[in-house]
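The figures that follow rest on heavy atoms only: side chains count, while hydrogens, waters and symmetry mates do not. We count ligands from 1, going down the list as the structure has it; atoms in each ligand are counted the same way.
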Amino acid sequence: MEKDRRQFIQKIGILGATTALTPNILWPKTSLAKPKLGVALVGLGYYSTDLLAPALELTEHCELKAIVTGSPEKIPVWQEKYGILDKNVYSYDTYDNIADNPDIDVVYVVLPPSMHAEYTIRAAQAGKHVWCEKPMAPSVADCEAMIKACADNKVKLSIGYRCQHDPNVQAYMKVAKEQPFGKVKMLTSAAGYFDGRANHWKQNKALGGGVLGDMGVYAIQGARLATGEEPISVLAQTFTTRPEIYHEVEETAMFQLEFPSGARASCQTSFGISMNHLKVTYEKGWLAMEPHSSYSRNKGSMSDGTVINFELNNQQAKQMDDDALALKLGKDMLVPGEEGLRDIRVVEAVYKAAALNDLVKL
Ligand code: NAD
């Protein structure tokens, strides 16, 4: 019976590609019919190779089914390692043909940030749900176009903020909501590492590089999630200690955010300094997380003696399973496109404040 239903759904899926039927009508059926949603990874660089593909071997609700790459030498390696069929291998030129492939339910865009908007919009137009890596895109305008394309094509969009799926991060988000220590007075949020590369997209403006989008979003997330508020003004400075490398984009940024409640956040981010913490002072207590935005072992403590130290087997697997299950159940994404946009709005304001050397209101 279930087999017949799946065959029927597959048939109408094929029919849908060749008739005026839109994928919008078909999606809920194809998604619900499968125990594991098929994921296509777009861009097979560090994050796909080292983190996402291995995590997709641990997931319950989704699996790696397809790859999209501009590097032909990677294809046999990935096919052999993950059993990817010839028909599920795409180049950037053949990418749009994913529309005709019922094996693919979700496209995960893991490309340099300047390519996120184009590959998200093309996936949405092909009728596929989209998971897009952070930073969502280099500009607010790009983020808005991505959200619109997904809404127009009735597919869901999620941003790869893995930390929001981590129970340790969810613990301090709960404090923001329940306010056991009263309101936030002031916080410090920092995210950085030493990047020794000189010629990567992270140092290239046109490809969406710069530390603000890359690591700065973690510092912004810390401030926004710990207050539960959106900033209303920004003061900022950007600078570099390696001008021979960081001449197009900033290596380090320091910025202050003011929130409607009066809370202030001091944020730091860098490609030259390793730092990873969040320290929040409330009216009647404090909370400290260190590390705060790592792949594993994020942990913290609070002034009342509470320890935050939840076990998490694999953060990326949890993220993708949460998102795949939400798709199967037709529920909202935990981290939708609108959340990525909120951070990019702050990133744009930080750039503006640094350029003007003055307060920028949001
Ligand atoms: P990477 O440089 O290792 O990989 C990028 C991939 O894009 C490569 O396979 C490269 O071949 C491909 N590509 C296609 N066109 C390109 C072009 N014109 N220039 C450069 N590369 C091109 O980068 P990465 O570290 O895997 O990052 C990819 C995305 O994943 C970024 O958005 C990054 O911020 C994000 N990321 C997220 C996390 C996280 O914790 N959520 C961690 C690492 C990276």
Pick from [options]: the one approaching [atom] most closely through a non-hydrogen atom:
atom	options	answer
atom 13 (N) of ligand 1	Pro112, Gly70, Ser71, Cys132	Pro112
atom 37 (C) of ligand 1	Glu133, Met215, Arg162	Glu133
atom 28 (C) of ligand 1	Val110, Leu41, Leu52, Leu44	Val110
atom 33 (C) of ligand 1	His116, Lys134, Gln319	Lys134

Atoms in ligand 1 with a heavy atom of [X] nearer than 4.0 Å:
X	answer
His200	1 (P), 2 (O)
Gly160	41 (N)
Met115	14 (C), 15 (N), 16 (C)
Asp214	34 (O)
Lys74	9 (O)
Tyr218	39 (C), 40 (O), 41 (N)

Glu251 side chain near Arg242 side chain, heavy-atom distance below 4.5 Å: yes

Sub-4.0 Å protein heavy atom near atom 35 (C) of ligand 1: yes

Just to be sure I read this right, does ligand 1 sit under 4.0 Å from the backbone of Leu207, its side chain, both, or neither, counting only heavy atoms? side chain

Residue part near ligand 1, for Trp201, under 4.0 Å between non-hydrogen atoms: side chain

Residues at least two apart in sequence or cross-chain that pass side chain to side chain donor-acceptor pair (under 3.5 Å) with Gln319, listed by chain then number, are Tyr108

Side-chain donor-acceptor pair under 3.5 Å between Ser91 and Asp93, yes or no? no

Pro113 N/O to ligand 1 N/O under 3.5 Å: no

Nitrogen or oxygen of Ser48 less than 3.5 angstrom from that of ligand 1: no

Quick one: sort the Tyr218 and Tyr161 rings into parallel, tilted or perpendicular, breaks at 30° and 60°. perpendicular

How are the rings of His292 and Tyr172 set relative to one another: parallel (under 30°), tilted (30 to 60°) or perpendicular (over 60°)? tilted

Are Tyr119 and Tyr92 near enough that their ring centres are under 6.0 Å apart? yes

